[in-house]
Amino acid sequence: MFERTGDEHHGWHWAQTPPRRACQVRVRLRVLDHPVVIAGDLQLARVESLAGGVRVVNFLRYGTEIDRKSCVVAGRPLPLVGHQTLLVVMKHPNGTADTVLDDTAVRVCLDAPACYGRIVLVNVVPVVCGNARYLRPKALLEDAATYGANHWQQVSLTGERRPLTAAKLRACDAHNPKMVAQTTGDCAVPGLRNAAVIRQILLLRPDADVLLATGALRCAIETGGQALGLAYRHLLATLAPLADLKRLYVLGVCADRQYGKSPCPQNPRDAVPLVDGAWVMHPVALGRCGRRQVLVPKD
């Protein structure tokens with residue numbers, strides 16, 4: 001897994017926006033994945049709802065690397081003026097197919113400053129779940145209680161679909177929380193540690209800037225009271241030294257009215273104002289306000 005981040009020729013392929021999108025975008029990318037086993041079942045590829053919502057998968061996605069120099073927008077090359085790398089820190093990876101560009105990837109390709117020729121989307125946690133709610137225990141069990149025993153389907157490596165038994169559902173329900181703990185918790189497994197992968201990418205790309213773009217984390221990020229908040233706190237500690245070099249940025253901050261007034265780094269999908277067709281990125285540092293960790297402007 002770690003070697004893949006340094007192999008310049010492995011795994012690149014073309015991805016593009018869905019055909020119905022008004023403005024078509026096409027770009028080369030590669031995913032930095034690591035295989036895992038769900039509930040001890042080597043043949044289980046994923047768990048999804050009857051509506052097709054994928055919530056548990058048999059891999060961890062540590063990042064998506066985008067060759068922005070290859071980007072074509074409506075048939076025309078994207079005008080770039082540099083080759084620098086930008087790491088964009090999101091909450092958790094999406095579960096879309098590797099060949100389909102989601103809205104976040106499109107916004108990053110179109111709106112990042114022209115000096116960035118390579119973009120790497122990394123994550124607070126590398127667990128693909130579709131919705132952060134499914135990173136915590138009992139989320140699958142609660143949905144099964146609400147929507148019925150057949151709500152969750154297991155999909156094998158061959159594509160065969162079957163309802164989950166009660167015992168298999170309990171085992172699958174524990175998978176995502178286990179992966180969060182093993183990749184980002186206080187006792188994370190060394191070979192799976194998310195921060196170690198991000199540190200390695202930064203070592204391989206000494207010119208890289210980091211953009212915090214998590215949006216609302218739906219938890220107390222200041223104290224790390226929940227698993228996702230704890231993972232974010234650990235990652236901020238890893239990235240904090242970049243602030244002194246003015247290499248740690250946000251697009252802006254916004255308060256999340258539903259989950260508290262703490263300012264959160266804006267997401268690329270937010271209505272971020274553009275200047276000359278690109279984001280304005282603001283340097284920040286990690287500070288404290290009492291017991292809370294906060295992001296403060298960097299002079």
Side-chain angles (χ1 to χ4, degrees), residues 1 4-5 7 9-36 38 44-78 80 85-112 116-135 153-161 176 179 197 201 211 213-215 267-270 272 279:
M1 174 181 65
R4 288 188 63 178
T5 60
D7 183 349
H9 304 288
H10 181 81
W12 289 97
H13 59 272
W14 288 96
Q16 62 186 42
T17 45
R20 289 176 294 179
R21 199 175 193 278
C23 179
Q24 287 293 305
V25 179
R26 189 168 184 259
V27 70
R28 288 177 69 240
L29 58 77
R30 62 175 177 172
V31 292
L32 307 177
D33 288 355
H34 180 70
V36 294
I38 305 171
L44 182 53
R46 64 186 182 274
V47 174
E48 62 182 44
S49 68
L50 284 173
V54 178
R55 302 309 183 200
V56 182
V57 298
N58 64 345
F59 62 89
L60 298 168
R61 178 152 296 174
Y62 285 89
T64 300
E65 190 169 3
I66 297 173
D67 176 16
R68 198 174 177 223
K69 300 184 297 294
S70 69
C71 187
V72 177
V73 182
R76 297 184 178 183
L78 190 68
L80 300 176
T85 299
L86 179 66
L87 264 68
V88 181
V89 180
M90 308 298 295
K91 280 186 291 191
H92 52 84
N94 68 70
T96 59
D98 300 345
T99 56
V100 178
L101 288 179
D102 70 348
D103 287 342
T104 299
V106 170
R107 289 266 62 86
V108 167
C109 285
L110 297 182
D111 297 341
Y116 297 112
R118 181 172 304 226
I119 294 171
V120 186
L121 303 177
V122 295
N123 307 284
V124 174
V125 293
V127 182
V128 175
C129 60
N131 185 312
R133 173 173 175 261
Y134 296 97
L135 294 174
Q153 306 282 306
Q154 58 180 337
V155 183
S156 71
L157 295 176
T158 60
E160 180 185 2
R161 296 170 59 95
N176 283 351
M179 291 297 99
V197 175
I201 294 172
L211 175 68
T214 55
N267 187 292
R269 294 190 303 272
D270 293 341
V272 179
W279 295 327

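No hydrogens, no waters, no symmetry mates; every other heavy atom, side chains included, goes into these values. In this text, all values refer to a predicted model and were calculated from it rather than measured experimentally.
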Residue pair [X] / [Y]: nearest heavy atoms and the distance that separates them:
X: Gly117; Y: Leu80; result: CA-CD1, 4.2 Å
X: Ile38; Y: Val57; result: CD1-C, 3.4 Å
X: Arg61; Y: Asn123; result: O-ND2, 3.4 Å
X: Val36; Y: Phe59; result: CG2-N, 3.6 Å
X: Val127; Y: His92; result: O-CB, 3.7 Å

Quiz item: Just how far is it from atom CD1 of Ile66 to atom SG of Cys109, taken to the nearest 0.5 Å?
Solution: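 Between Ile66 CD1 and Cys109 SG, I get 4.5 Å after rounding to 0.5 Å.
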My understanding is that only residues two or more places apart in sequence, or in another chain, count here; which of them pass salt bridge (charged side-chain N to carboxylate O under 4.0 Å, His left out) with [X]?
X: Arg20; result: none
X: Asp111; result: Arg107
X: Arg26; result: none

Quiz item: What residues, two or more places apart in sequence or in another chain, satisfy side-chain hydrogen bond (donor to acceptor under 3.5 Å, both in side chains) together with Thr17?
Solution: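 Gln24.
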Exercise. With sequence neighbours excluded, tell me which residues meet side-chain hydrogen bond (donor to acceptor under 3.5 Å, both in side chains) with Ser156.
Key: Thr158
Quiz item: Can Arg118 and Thr85 be counted as having a side-chain donor-acceptor contact under 3.5 angstrom?
Solution: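 Looking only at side-chain atoms, Thr85 and Arg118 do not form any donor-acceptor pair under 3.5 Å.
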Exercise. Can you establish whether the number of heavy atoms outside Arg161 located under 6.0 Å from its atom CZ is more than 12?
Key: yes
Quiz item: Would you say Val155 and Glu160 make side-chain contact, with heavy atoms under 4.5 Å?
Solution: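 Val155 vs Glu160: side chains apart.
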Quiz item: Considering only heavy atoms from C-beta outward, does the side chain of Met179 approach that of Leu135 to under 4.5 Å?
Solution: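 They are not in side-chain contact.
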Quiz item: Mind checking what makes side-chain contact (heavy atoms from CB on, under 4.5 Å) contact with Ser49, not counting sequence neighbours?
Solution: Ala51, His151, Trp152
Practice problem: Test Ile119 against every option in Val108, Asp67, Leu211 by the side chain to side chain contact (heavy atoms under 4.5 Å, CB included) rule and name the one that passes. | Solution: Val108
